[in-house]
Amino acid sequence: MPAEILIPTDECIARAARVLAKGGVVAMPTETVYGLAGIAFDERALASIFAVKERPTFDPLICHVPERAAGEDWLEHLVSQGLVDARVLTKTASERVRQLAERFWPGPLTMVLPKQPGVPDLATSGLPTVGVRCPRHPVAQRLLAAVGAPLAAPSANRFGRISPTTPQHVMSELGDRIELILDGGPCEIGLESTVILIDSVGEVLFLRPGGIAKEAIEFALDIRIVLSGADDLKVDTPLPSPGLLASHYAPRKPLHTFRREAWPRADAHARLGWLISSGKPPDGLQGARIEVLSPTGDLNEAARRLFGALRSLDEAVEVDEIWAELCPGDAGLAYAINDRLLKARHRP
Ligand code: TXA
Ligand code: MG
């Protein structure tokens with residue numbers, strides 16, 4: 001039986017919560033991408049998440065938390081959810097967690113923080129830290145409230161594949177392996193959350209570019225975040241996080257990237273699919289299919305459309321090979337979009 005795509009009525013949310021309470025998994029919308037959710041403290045659910053996605057267990061999961069109660073302190077909230085051990089955090093570290101949560105939660109920021117002993121090793125790949133995020137999609141929040149426990153949720157795709165930003169994408173990735181997909185419409189951001197690590201003394205390490213710009217985090221904390229091993233942003237720099245493999249988000253077809261200043265001389269006879277990041281394609285561009293992410297160069301729009309456009313070029317029968325234009329510059333969302341495109345490149 002293929003998965004059911006459910007309009008998230010209260011009844012359907014309650015049904016999804018019952019599946020979760022029994023140790024099962026369901027696909028839920030978030031503002032970034034769709035997630036495959038299971039209760040973070042239930043080993044059965046965690047094992048299913050890895051099995052359904054065919055994900056290696058060295059790749060830790062993000063635990064999603066409900067919104068805090070009115071007036072509650074964010075850090076105490078993470079402690080009371082059973083996830084974060086705040087006792088090992090210095091005052092600076094605690095303040096930084098609070099500042100970032102106040103500024104960006106609910107929203108597309110994941111903080112990797114010292115974990116409490118009760119968090120299963122399967123959720124954290126045996127690391128002493130846990131990734132936490134408070135999502136802002138109302139359906140994710142309603143599900144979290146109905147379940148009453150944090151939900152571990154990686155993106156709802158098979159390992160290494162393009163992340164899903166619509167319920168139909170989830171259906172084509174996992175429809176034969178799960179029971180329920182909650183329909184929250186197309187994702188507002190379209191790229192995964194930004195992942196940072198805050199260590200016990202408050203040092204901030206940038207682990208994955210995503211929905212929140214690095215510059216916005218620097219501004220919020222009034223610091224400069226330096227990437228380890230590189231003094232500036234370079235999309236190809238490997239980041240020190242498990243699971244951030246060089247190859248990811250991979251279409252099945254060969255994908256090549258280029259910058260607008262160096263437009264490739266592609267073989268006129270090949271059946272090409274072009275992914276144009278912004279603006280008009282050049283006059284006379286030959287191709288079996290052309291997808292423009294944002295005609296006006298709006299990076300939010302480009303991010304929102306990225307995974308859907310990649311997926312449709314990958315599925316188009318008239319296309320054999322994909323050529324993707326990187327976004328101009330490397331600031332903010334351009335960095336995150338380019339990171340995904342470079343990881344989607346074909347590696348023989
Ligand atoms: O937007 C998102 O973050 C989506 C939605 C569903 O919330 N989730 C998502 O999860 O992208 P996933 O599993 O595809 O990516 C999680 C990544 C891991 O691959 C890892 O790199 C990093 O987050 N991560 C999680 N916990 C970590 C930890 N304890 N230490 C270091 N990195 C961690
Ligand atoms: Mg993923």
Side-chain angles (χ1 to χ4, degrees), residues 25-38 40 46 49-50 52-65 83-85 104-116 119-137 139-141 143-144 150-165 169-170 173-174 181-182 184 187-199 204-212 228 238-250 303-304 306-307 336 339-340 343-344:
V25 297
V26 304
M28 71 169 179
T30 84
E31 71 278 24
T32 58
V33 299
Y34 275 72
L36 180 64
L46 299 173
I49 289 174
F50 284 96
V52 165
K53 276 188 62 108
E54 300 174 50
R55 177 179 172 117
T57 51
F58 61 72
D59 191 358
L61 304 175
I62 293 170
C63 296
H64 298 71
V65 297
L83 294 170
V84 172
D85 184 356
F104 298 113
W105 278 0
L109 177 70
T110 295
M111 290 193 255
V112 174
L113 299 169
K115 71 160 202 167
Q116 286 183 35
V119 182
D121 277 339
L122 207 43
T124 64
S125 302
L127 294 166
T129 52
V130 60
V132 289
R133 165 164 121 78
C134 181
R136 73 161 173 250
H137 196 295
V139 174
Q141 282 298 335
L143 186 61
L144 282 160
L151 291 173
S155 49
N157 50 277
R158 278 171 283 154
F159 184 69
R161 295 266 305 138
I162 304 166
S163 300
T165 52
H169 295 166
V170 180
E173 287 287 321
L174 305 177
I181 301 169
L182 289 173
C187 298
E188 171 201 342
I189 309 252
L191 281 182
E192 296 86 346
S193 61
T194 298
V195 182
I196 58 168
L197 178 145
I198 300 183
D199 72 11
V204 179
L205 222 66
F206 198 72
L207 300 183
R208 177 176 75 182
I212 302 278
S228 66
L239 297 168
S241 179
L244 297 183
L245 306 175
S247 171
H248 210 136
Y249 313 104
R304 197 154 54 234
L306 175 68
F307 289 141
D339 166 79
R340 305 305 191 267
K343 289 192 172 123

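In each ligand, atom 1 is the first atom listed, and ligand 1 is the first ligand listed. Side-chain atoms are counted along with the backbone in the values below, which use heavy atoms only and exclude waters and symmetry mates.
- Of the N or O atoms in S155, one or more lie within a sub-3.5 Å distance of an N or O in ligand 1.
- Within the 2.8 Å limit, S163 places no N, O or S atom next to the Mg ion (ligand 2).
- In A153, the part holding a heavy atom less than 4.0 Å from any atom of ligand 1 is the backbone.
- Q116 places no side-chain N or O within donor-acceptor distance of the main-chain N or O of D85, the cut-off being under 3.5 Å.
- Residue-ligand proximity: V112 is placed with a non-hydrogen atom under 4.0 Å from ligand 1.
- Between Y34 and ligand 1, no N or O atom pair is found at a separation short of 3.5 Å.
- Contact record, I49 with A37: CD1-C, 4.2 Å, taken as the closest heavy-atom pair.
- Interface of G35 with ligand 1, defined as ligand atoms under 4.0 Å from a residue heavy atom, comprises 6 (C).
- By the 3.5 Å distance cut-off applied to N or O atoms, H64 is counted among the residues near ligand 1.
- Of all atoms in ligand 1, listed by their number and element, those nearer than 4.0 Å to a heavy atom of L61 are 25 (C), 26 (N).
- Close approach of ligand 1 to L127 (heavy-atom distance below 4.0 Å) involves ligand atoms 28 (C), 29 (N), 30 (N).
- For ligand 1, the polar-atom distance check against R208 finds a nitrogen or oxygen pair separated by under 3.5 Å.
- Using a 4.5 Å heavy-atom cutoff, the side chains of R136 and P108 are in contact.
- Polar contact with ligand 1: absent for K53 (N/O pair, distance under 3.5 Å).
- Of all atoms in ligand 1, numbered sequentially from 1 with element shown, those under 4.0 Å from a heavy atom of T32 are 1 (O), 2 (C), 4 (C), 5 (C).
- Taken to the nearest 0.5 Å, the OG1 atom of T110 stands 11.5 Å off from the CG atom of L61.
- Listed by number with element, the atoms of ligand 1 under 4.0 angstrom from any heavy atom of T129 are 28 (C), 29 (N), 30 (N).
- Judged by distance alone, the side chains of T30 and R133 do bring a donor and an acceptor atom under 3.5 Å apart.
- By the 4.0 Å N-to-carboxylate-O rule, R161 lies close enough to E173 to be salt-bridged with it.
- The CD1 atom of I189 sits 9.0 Å away from atom CZ of R304, with the distance rounded to the nearest 0.5 Å.
- Tested against K115 for a side-chain contact (heavy atoms from CB on, under 4.5 Å), the candidates V132, T129, T124 yield a single pass: T124.
- In this structure, OG in S155 is found 9.0 Å from CG in L174, a value given to the nearest 0.5 Å.
- Within ligand 1, the atoms closer than 4.0 Å to a non-hydrogen atom of D59 are 18 (C), 19 (O), 20 (C), numbered from 1 in the order shown.
- The atoms of ligand 1 that sit less than 4.0 Å from any heavy atom of L207 are 31 (C), 32 (N).
- The closest non-hydrogen atom to atom 33 (C) of ligand 1, taken over A123, G131, P128, P60, comes from P60.
- Using a distance-only test at 3.5 Å, with no hydrogens or angles considered, no donor-acceptor pair links the side chain of S193 to the main chain of L109.
- Considering backbone and side-chain N/O of R55, one or more are found under 3.5 Å from N/O of ligand 1.
- Looking at N157 and Y34, their side chains never come closer than 4.5 Å, going by heavy atoms from C-beta outward.
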